[in-house]
Protein chains: 2
Amino acid sequence: MAEKENLDKAVCSVHHMAVRDTMDILNGKWKIRIIASLSFHKKRFMELIADIDGIAAKMLSKELQELEMNGLVTRSVLNTKPITVEYELTPYGHTLKPVINEMAAWGMKHRKKVMKGSALK
Amino acid sequence: MAEKENLDKAVCSVHHMAVRDTMDILNGKWKIRIIASLSFHKKRFMELIADIDGIAAKMLSKELQELEMNGLVTRSVLNTKPITVEYELTPYGHTLKPVINEMAAWGMKHRKKVMKGSALK
DNA sequence: GGTGTAGGTTTCCTTTAGGAAACCAGTTTC
DNA sequence: GAAACTGGTTTCCTAAAGGAAACCTACACC
């Protein structure tokens, strides 16, 4: 029936739009990995550099700014000598953890699958 | 205790690696959206073009090839006149649905939040 | 006053992603 | 035999992403 079809299409397009919205915020090579890194503990700039393999200071700085603008991360300058800066997920940033965790879960299964595949060759 | 710390680090780095593996496969602007589009029904080339707003034939073709190489999508040429080609998620491709669905869920919550925010201004 | 550390920014450069449009092959319909 | 449709590929081009290295500020230590 036509009504059911239309409903299907509507559900579908809302789904697509939502996926797209999420990807627009998590765009680029690094954001997801930064959030993943912060999802365990808050970290300082240098700790993030060390933790996220391959990222350059420029990119980290830029991506953190975007995440901060989107309300996912907070930046706090600590009153230490020399100053240290802590980055932390906001409560809103933590709502992305299910997304990250599903990615991690899939990545682990995938790694196992790939390793099994290459062992069979 | 040092053992607990080491365990933490190990868990953490496995998590990071898994997230990275997933992102390596879903790289680029389009793959996630293609999978999202196929997660409801199999679709033909032209249907995908229509469904995924903004994608060009070149990109769709290229991304579908990569997805096929990674065993996430199958391509079947149907014996119709003119020939039509159907793309479908493999069972393995379907295992990505939880990831996509979490993204969609977050995207919907985010859209509501943004709309509420702009209404308050 | 030289060295070191934290946290960046700036500059310069290369690579890649991605878009637009033209083109093509096979088949059908007019 | 011209036009139209599907499912692409090819070419050409631009914009954006990203990397490396130098530089900068503020403070501390010695």
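To find a chain, count down the sequence lines: A is the first, B the second, and so on, and within it residues start at 1.
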Nearest-0.5 Å distance, [atom1] of residue [X] to [atom2] of residue [Y]:
X	Y	atom1	atom2	answer
A/T90	A/E68	OG1	CD	10.0 Å
B/I32	B/L96	CD1	CG	8.5 Å
A/Y87	A/L38	OH	CG	10.0 Å

Measure [atom1]/[X] against [atom2]/[N] and give the value in whole Å, please.
X	N	atom1	atom2	result
B/L48	D/dG8	CG	P	10 Å
A/E63	D/dG18	CD	C1'	10 Å
B/M59	D/dT10	CE	P	15 Å
A/L78	C/dG8	CG	P	11 Å
B/I34	C/dA17	CD1	C1'	14 Å
B/R75	D/dG7	CZ	C1'	8 Å
A/N27	D/dA15	CG	C1'	15 Å
B/I52	C/dG19	CD1	C1'	16 Å

Handout entry: Presence of B/Q65 side-chain N/O under 4.0 Å of D/dG7 phosphate oxygens OP1/OP2
Key =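 No, B/Q65 has no side-chain N/O under 4.0 Å of OP1/OP2 on D/dG7.
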Problem - Test item: A/K31 side-chain N/O and A/N27 main-chain N/O as donor-acceptor pair under 3.5 Å - result: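 Present.
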Problem - B/K97 backbone acceptor or donor facing B/S39 side chain under 3.5 Å - result: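 No; judged by distance alone, with no hydrogens or angles, the pair does not exist.
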Practice task
Look at the rings of A/H15 and B/F40 and say which category their plane angle falls in: under 30° parallel, 30 to 60° tilted, over 60° perpendicular.
Solution key: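 Perpendicular.
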Completion exercise
With sugar-phosphate taken as primed atoms, P, OP1 and OP2 and all else as base, the protein-contact string of nucleotides 20-30 of chain D at under 4.0 Å (heavy atoms; B, S, -) is B------SS--
Exercise for the section: Would you indicate what B/E47 reaches in the nucleic acid, counting non-hydrogen atoms under 4.0 angstrom: base, sugar-phosphate, or nothing? Expected result: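 Nothing: the residue B/E47, judged by heavy atoms under 4.0 Å, touches no strand.
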What nucleotide among [options] has an atom nearest to a side-chain atom of [X]?
X	options	answer
A/F45	C/dG8, D/dG19, D/dG7	C/dG8
B/R44	D/dG7, C/dT9, C/dG7	D/dG7
A/Y87	C/dG19, D/dG7, C/dG8	C/dG8
A/K29	D/dG7, C/dG8, D/dG18	D/dG18

Problem - Co-members of the apolar cluster containing B/M108 [side chain, <4.5 Å] - result: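 A/V14, which link up through side-chain heavy atoms under 4.5 Å apart, make up the rest of the cluster.
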